[in-house]
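Following: one structure in structure tokens, then a few remarks.
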Amino acid sequence: MKQRFIKKEGNSTLLLFFAGWGSDENLFAGPVQEGCDCLLCFDYKDLDFDYSLLEGYREIRVMAWSMGVWVACQTLAGKEYPYGMRLAVNGTPFPIHDTKGIPEAIFQGTLENFSEPVLIRFRRRICGSAAQVKTFLSHHPYREVDDLYQELAALWTAVKNRPAVEWTWDKAGVGTNDKIFPPQNQREAWQGVTVEEVDAEHYDEELFRELLNGESRLWTRP
């Protein structure tokens with residue numbers, strides 16, 4: 001995977017952010033909470049992770065979105081760090097699952113038919129409206145279609161070949177308008193974890209602005 005510091009000022013607290021499939025550093029280039037560095041993880045064609053980048057931080061807050069929730073579990077399970085709050089948003093540890101994630105037929109169909117028109121429809125589904133798509137595209141997340149396909153195929157293979165792993169989350173934020181990870185599937189996946197519902201699509205510009213700024217109520221501890 002790729003790891004990019006979108007903010008690095010020598011702070012003692014790190015926000016470790018596992019983004020979703022198809023993301024890049026441009027999509028989350030907004031302000032980050034004062035007093036925090038921020039390391040963005042994305043592009044999961046492989047799951048190689050440079051743990052040395054976490055060294056020296058007194059607190060590591062974890063936020064994961066969409067497919068990044070599963071990647072975070074796979075990456076951090078069994079690793080002891082000075083964790084602060086661990087927040088999952090619009091994703092689950094079971095990303096390809098008929099009742100706890102994206103239904104398998106939908107994921108497989110997207111993969112088998114992937115093309116520019118499919119990507120356009122997907123972006124409309126994650127954003128929920130033409131206006132939100134315009135905002136999404138204003139961040140210039142212009143990775144090539146073939147590159148996105150390769151990442152999607154790699155995730156399909158990795159999820160199929162790796163068992164789900166146990167990792168402790170403090171809270172799961174569930175967007176009630178999510179058209180990618182159905183809200184009911186998210187609720188089913190998060191049994192035993194505090195769930196807070198928000199009026200949001202799968203990708204919501206305002207929600208992520210608040211999350212990166214530390215302003216969202218989702219950061220409130222259970």
Side-chain angles (χ1 to χ4, degrees), residues 15-23 27-28 30-33 40-42 61-73 85-110 118-139 141 152 155 159 164 167-222:
L15 174 58
L16 177 58
F17 180 15
F18 291 85
W21 166 78
S23 299
L27 188 57
F28 301 103
V32 174
Q33 182 179 7
L40 179 70
C41 305
F42 62 99
R61 301 173 187 170
V62 179
M63 179 171 74
W65 168 53
S66 191
M67 294 296 292
V69 175
W70 177 82
V71 176
C73 291
M85 189 164 170
R86 291 168 282 194
L87 174 65
V89 180
N90 285 343
T92 77
F94 315 95
I96 305 173
H97 196 288
D98 287 345
T99 60
K100 296 181 179 181
I102 301 171
E104 182 167 336
I106 292 176
F107 195 109
Q108 187 172 15
T110 301
V118 169
L119 178 61
I120 291 170
R121 290 196 296 271
F122 176 82
R123 285 176 171 166
R124 178 60 184 262
R125 283 174 58 79
I126 69 169
C127 294
S129 69
Q132 278 269 39
V133 171
K134 185 176 180 179
T135 301
F136 176 93
L137 293 175
S138 73
H139 296 288
L152 194 66
L155 282 166
V159 172
W167 197 69
T168 301
W169 295 91
D170 296 302
K171 184 186 282 189
V174 175
T176 55
N177 300 317
D178 194 332
K179 299 174 183 65
I180 306 301
F181 279 80
Q184 184 53 43
N185 287 16
Q186 293 187 56
R187 297 182 194 107
E188 180 66 24
W190 291 118
Q191 299 294 320
V193 176
T194 298
V195 170
E196 184 163 347
E197 298 191 0
V198 290
D199 181 15
E201 302 287 343
H202 186 68
Y203 170 83
D204 188 283
E205 169 81 5
E206 182 66 14
L207 175 61
F208 280 106
R209 185 193 66 78
E210 293 177 352
L211 285 166
L212 288 169
N213 270 329
E215 300 171 351
S216 172
R217 71 174 192 267
L218 291 179
W219 284 119
T220 304
R221 279 199 171 274

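Here the structure is a predicted model, which means the values were calculated and not measured.
The side chain to side chain contact (heavy atoms under 4.5 Å, CB included) test applied to Gln33 returns Cys36, Arg61, not counting sequence neighbours. For the side chain to side chain contact (heavy atoms under 4.5 Å, CB included) test, residues two or more places apart in sequence or in another chain that qualify with Thr92 are Phe94, Phe181, Gln186, Ala189, Trp190. Residues meeting the side chain to side chain contact (heavy atoms under 4.5 Å, CB included) test with Pro103, sequence neighbours left out: Asp98, Ile106, Pro182, Asn185. Under the ring pair (Phe, Tyr, Trp, His ring centres under 6.0 Å) criterion, Phe17 pairs with Phe28, sequence neighbours left out.
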Donor-acceptor contacts under 3.5 Å from residues 169-177 side chains, at least two apart:
residue, atom, partner, partner atom, Å
Asp170, OD2, Arg86, N, 2.7
Lys171, NZ, Glu196, OE1, 2.8
Lys171, NZ, Leu218, O, 3.3
Lys171, NZ, Thr220, O, 2.6
Thr176, OG1, Val198, O, 3.3
Asn177, ND2, Asp199, OD1, 2.7

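To the nearest 0.5 Å, atoms CH2 (Trp65) and CZ (Phe208) are separated by 5.0 Å. Here the CZ atom belonging to Phe42 is positioned 8.5 Å from the OG atom belonging to Ser23, to the nearest 0.5 angstrom. Between Glu215 atom CD and Glu206 atom CD the span is 8.0 Å, to the nearest 0.5 Å. Distance check: Lys134 NZ to Cys127 SG gives 13.5 Å after rounding to the nearest 0.5 Å. Considering NZ of Lys179 and CZ of Arg124, their distance stands at 9.0 Å, rounded to 0.5 Å. His202 NE2 to Arg123 CZ: the interatomic distance, rounded to the nearest 0.5 Å, is 13.0 Å.
Considering all non-hydrogen atoms of both residues, Ala72 and Ala64 come closest at CB-CB, 4.1 Å. Looking at every heavy atom in both residues, Met85 comes nearest to Trp219 through SD-O, 3.1 Å. Contact record, Leu207 with Ala200: CD2-CB, 4.1 Å, taken as the closest heavy-atom pair.
Among residue pairs with one or both ends in residues 183-194, those qualifying as salt bridge (charged side-chain N to carboxylate O under 4.0 Å, His left out) are Arg187-Glu197; sequence neighbours excluded.
In this structure, Glu201 does not pair ionically with Arg125, as no charged nitrogen and carboxylate oxygen lie closer than 4.0 Å.
In this structure, the side chain of Asp178 engages the main chain of Ile180 through a donor-acceptor pair within 3.5 Å. In terms of modelled atom types and a separation under 3.5 Å, the side chain of Trp70 and the main chain of Leu155 share no donor-acceptor contact.
The shortest side-chain heavy-atom distance between Pro95 and Val159 falls under the 4.5 Å cut-off. At least one side-chain heavy atom of Val89 sits less than 4.5 Å from a side-chain heavy atom of Leu211. The shortest distance between side-chain heavy atoms of Cys41 and Leu16 falls below 4.5 Å.
Taking the six-membered ring where the residue is Trp, Phe136 and Tyr203 present perpendicular rings, their angle passing 60° and hence far from 30°.
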Worked check of ring pair (Phe, Tyr, Trp, His ring centres under 6.0 Å) between Trp21 and Phe107: CA-CA 12 Å; Trp21 166 78; Phe107 195 109; 8.4 Å; no
